[in-house]
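Taking it in order: structure first as structure tokens, then the write-up.
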Amino acid sequence: MTSIRRRLLFWFLLLSLIGWGVTMAATWFQVRDEIEEVYDGNLIQKAHELAEMVPVLMAPGESGPGQGQLQLKELLKSLSHPTSDNFYAATLSARIWWHGKPLHSAVSPQTLPHPGNQVMETSNGMREWRRYTYYDAKNQVLVEVTEQHNARSHIIREIAGAAIQPLLVLVPLLAIGAWLAVSRGLLPLGQVVKSLHHRKPNDLRAIEMRGAPVEIRPLLEALNHLFERVRVAMRRERQFAGDASHELRTPLAALRVQAQLASRTPDPAQRERALTRLVQGIDRATHVVEQLLILARLEPAEQLPDPTPVALAPLVQAQQEGLSHLAEAKQVRLRLSCVDGQVTGNAEMLSVLLRNLLDNAIRYTPEGGEVRLGCMELDGGMVVLVEDSGPGIEPAQRERMLKRFTRGSQDQPGCGLGLSIVERIAQLHHARLLFDDSALGGLQVRVIFPPAAA
């Protein structure tokens, strides 16, 4: 399981350790360079001091050059064996050539080194030294001063250790502080989780945003938006269930009455009428259930499933052919006029929209009337047009007709869901549903679709 606390602690400590390591490395190299400069300066200074002392000690005097050479050897010996107990004092050794002759110990190499006048690093595989060679051309004095690395290495280790020790103590303190800081920072999130854990299933109130940290506000806003959508969906479901049960109760009760009448009456003619009404009631109940199932599938949808370009002309022609038998039964003339054009949408839903519009128009058109069905282009989009010669709908009542189970006339069979379904499908297609008076004397319904590219 992924833990935000562990992840924050891991990255916080990792970055802290990386920063600590970089700081230590930078400190180490800076201290080393500074110490190298100090000790190299001391090495150069000793070489120059020896070069200045040689002509003085070797000059003819009362004591003679032999005595001066002896004093010089004693001086060189004191360099390699310092009397100071200070561990940081450098351990030096020196070799001197006077007019090309060595003045140092006879066991030392007699080869004259090259006077490079620069500090050099030398090693014999086991030990390392710093060496500086200086040549005084005026007095023909060549001085070579060598220093062991022991003092330099010791002071570097001491300074680095002094810097590392506080940081080693600081690491566990830093870990504890980071854990406390992260835990305190996650307290608001824990409070939200606790409040949600103790909520009842039907409690869909918005989460209080006051005092919430900026980082979790998007999460709280998303949860509140989800609660609102669930609340709306539940309200729709309750309303849908209530409307459906109310609408189905009447036809089912009528079916029961007709079935009982058909089973009890001895009169064949009365039994035939009861069976005919029973079949009509079954047809009506079937139509109601079909419409309810369509509406139940459309209600929860927030957007079209897999929208694709759909040609309207074939759909319009298919619905005209599929409902032609209803028109023929009432001797209603169906006129079709449709141009080629596409809309972005769902072909199955558009077929339901066209079928409901055409079915309503045929049902409410009197015998011998006329229904026109067509589609045309408008401002880059498409318009579906259905108009009839029926009684029409008063302008004040047209908005009310979009509500569920609202019927324009009780004389015609139906359940009052057709226009509600049409409106829902139009909403999902971002189309506008408009009512107007028809030139045929009845109702004109227009569904205006946006351009397919939109």
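Annotation: side chain of E147 is in contact with side chain of Y39 (closest heavy-atom distance under 4.5 Å). Looking at heavy atoms from C-beta onward, H225 lies out of side-chain contact with E221 at the 4.5 angstrom threshold.
For the pair T146 and R131, the tightest heavy-atom approach, listed with the atom from each and the gap, is OG1-NE, 3.1 Å. Considering all non-hydrogen atoms of both residues, L385 and R446 come closest at CD1-CG, 3.3 Å. Across all their heavy atoms, P391 and Y364 have their closest contact at CD-O, 3.0 Å. Heavy-atom minimum distance, S351 versus L315: OG-CD2, 3.5 Å.
Among V447, L350, V310, the single residue meeting the side chain to side chain contact (heavy atoms under 4.5 Å, CB included) criterion with H429 is L350. The side chain to side chain contact (heavy atoms under 4.5 Å, CB included) test with M382 is passed by exactly one of C375, P450, C338: C375.
H430 is linked by a ring-ring contact (aromatic ring centres under 6.0 Å, His included) to nothing, counting only residues two or more places apart in sequence or in another chain. When the side chain to side chain contact (heavy atoms under 4.5 Å, CB included) test is applied to L440, the partners found at least two apart in sequence or on another chain are E370, R372, E387, S389, S438.
H48 and Y132 have parallel rings, their planes meeting at less than 30° on a 0 to 90° scale where 60° marks the start of perpendicular.
By the 6.0 Å contact criterion, CZ on R333 is enclosed, its count of non-hydrogen atoms from other residues, nucleotides or ligands being greater than 12. Atom CD of Q30 sits in a sparse spot, with 12 or fewer heavy atoms from other residues, nucleotides or ligands closer than 6.0 Å. Surrounding CG of D33 are more than 12 heavy atoms belonging to other residues, nucleotides or ligands, all under 6.0 Å away.
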